[in-house]
Asker: 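One structure, as structure tokens, below. Some questions next.
Letters A, B, ... mirror the listed sequences (proteins, then strands); counts begin at 1.
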Protein chains: 2
Amino acid sequence: MLRETRHEQLLKLLREEGVLPVGRIAQRLGVSEATARRDLTDLDRAGMLTRVYGGAVARGPVERPFAAEEAEGRAGRDAVARTAAATVEDGETVLLDIGTTTLQLARRLRGRSITVATSNLAVYDELKDDPEVTLVLLGGQVRRNYRSLVGPLTQSGLGQLYADRLFLGTSGVLPDGRVLDTTDVEVPVKQAMLAAARHVVLLATARKFPGTGTARICGPQDIDALITNQASDPGTLAVFREAGVEVTAVDAELEGRR
Amino acid sequence: MLRETRHEQLLKLLREEGVLPVGRIAQRLGVSEATARRDLTDLDRAGMLTRVYGGAVARGPVERPFAAEEAEGRAGRDAVARTAAATVEDGETVLLDIGTTTLQLARRLRGRSITVATSNLAVYDELKDDPEVTLVLLGGQVRRNYRSLVGPLTQSGLGQLYADRLFLGTSGVLPDGRVLDTTDVEVPVKQAMLAAARHVVLLATARKFPGTGTARICGPQDIDALITNQASDPGTLAVFREAGVEVTAVDAELEGRR
DNA sequence: TCACACTCGCGCAAAGACGCTCACTCGCGC
DNA sequence: GCGCGAGTGAGCGTCTTTGCGCGAGTGTGA
């Protein structure tokens, strides 16, 4: 592996984890500890991280989707979440993807007589005290920064479920309708979710057009409905409409207050 | 553990408890009191806490106004938990059953380089902030009052795991060595756990002899080791020894403090 | 005021991390 | 084929951190 590539990966790891000991860095990068140390001193000198005895800590804010996204685009997200909540009927089983938009939706689902299945640990925290909601957690390894469950256990758990409705989150939607995600490890989970639901609803605030992401989750043909803001790119929405997707665009300003 | 990580944990502990003596800080962080003192002076100089004679107090508001901990049988449970934690080696995968004894064990496993798999949601809350522990949640339906996961999802998840060690809780042990539980719905989960571990360790404080329970989980022949208190019924312990179980009886008073 | 128990800070030794040096491998150009 | 330079891994002396013992200091109760 090229050194530049390795440096990129190291910084990515560190952004996700916050702090990492040298041994674990070497292990994750597949190099010796000596090389890991060399990389660390390089990146420390370049000001990309802070070296500490025994490892390194991320410089700047740790990549925490929840903290980072919490402030920005909140009104739009809540408008989407409220509209999504209105489509859920009592008695249904809904499957909630990871992310902040689905967390917002979970808040709007409090007190409803429904079953919620999720790999979103933030949703678990939100609904764990609600006696009305039957809460089902998918299994899997805990990813602390993303507050999610991933891994083969999650996928196999999804194989045993069938939900009335899936609310899918995303990190970005391309103009041609491809739905993206940033982290590779979540992709198989999301795809297993798609297969485990009768009705697939994509939640995407205006900022998700085009948003970010490198891994493809699915295309418009896999989606039944899309709930988004009116500020979203009209061209992309048209692509979804042409693919037969029921598109609902709610205005953040009108709906955005509580 | 990295010093930076340790400092983070120390501050978190302090935010939760408000005031902490040096001894307890050292105990919770798994370091000597000397190191705890050094950390305290560092963080005091950095203005992150206020040093007082004998310990430290949080600077800023306390998050949790001191949750009332279950007093009864606590010393005995902690003695069992500490002994159990000592048998776990770094790198192992341990499976933790539901219950308060295994929760106590989880507290003792903080900061260890191990993988913890559990259906115990209290264990999840305890370890979710620990970067050292790889945490795997079994899937299943959330049982709020028992803080556990149950159901077919839990069992099938266990079918995909194989742990080095299972720490099994119980509600009661009969004189003939039958291990009991009170709730039928947990029985298949516990039995699936038995099948998913190489080494089965039963944790049972003195109060569990005979304890309560209506459903049979397993017999002595399914257990490899039993960790209990010295006050436990000698006859029952003899039954386990005859079945080839390695019985460890730790005294709550002697082990209860350090 | 005094005595006792506890805490604190310092010196020291062991363990582990660091970084320097050296040998080796791989790709490249002559 | 052969030399060359960059990059990696391993060995080894140095330095940091940690845990423990000891004398000094501090708080508490008689």
Asker: Remember a base hit wins even if backbone is also touched, and classify A:Gly55 as base, sugar-phosphate or nothing at under 4.0 Å, heavy atoms.
Answerer: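 Result for A:Gly55 = sugar-phosphate.
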Asker: When the nearest nucleotide of DNA chain C is assigned to A:Arg38 and to A:Val22 on a heavy-atom basis, which residue is associated with the more 5' position?
Answerer: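 Closer to the 5' end of DNA chain C: A:Val22.
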Asker: Considering only NZ, NE, NH1 and NH2 on the basic side and carboxylate oxygens on the acidic side, decide whether A:Glu186 and A:Arg143 come within less than 4.0 Å.
Answerer: yes
Asker: Are the charged groups of B:Arg112 and B:Asp90 less than 4.0 angstrom apart, N to O?
Answerer: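 Answer for the salt bridge query: yes.
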Asker: Can you tell me how far C1' of D:dT18 sits from CG of B:Leu29, to the nearest Å?
Answerer: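 Distance, rounded to whole Å: 14 Å.
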Asker: Which of the following nucleotides, C:dT7, D:dT17, D:dT8, is nearest to the side chain of B:Tyr53?
Answerer: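 The nucleotide sitting nearest to the side chain is C:dT7.
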Asker: Let me know the distance between CZ of B:Arg37 and C1' of D:dT26, rounded to the nearest Å.
Answerer: 13 Å
Asker: Could you check whether A:Gln27 and A:Arg24, counting side-chain N and O atoms only, form a donor-acceptor pair closer than 3.5 Å?
Answerer: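 Per modelled atom types, A:Arg24 and A:Gln27 side chains form no pair under 3.5 Å.
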Asker: From C-beta outward on B:Thr35, which listed nucleotide comes closest to its side chain: C:dT7, D:dG19, D:dT16?
Answerer: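 So the nucleotide nearest the side chain must be D:dG19.
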Asker: Could you work out which one of D:dA10, D:dG27, C:dG19 sits closest to the side chain of A:Ser32?
Answerer: D:dA10
Asker: Give the nucleotide from the list C:dG19, C:dC6, D:dA10 with an atom nearest to the side chain of A:Thr41.
Answerer: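 Given the options C:dG19, C:dC6, D:dA10, the side chain of A:Thr41 is closest to C:dG19.
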Asker: Give the nucleotide from the list D:dG19, D:dT16, C:dT7 with an atom nearest to the side chain of B:Ala34.
Answerer: D:dG19
Asker: Keeping the roles fixed (side chain from B:Arg241, backbone from B:Val245), state whether a donor-acceptor pair exists under 3.5 Å.
Answerer: no
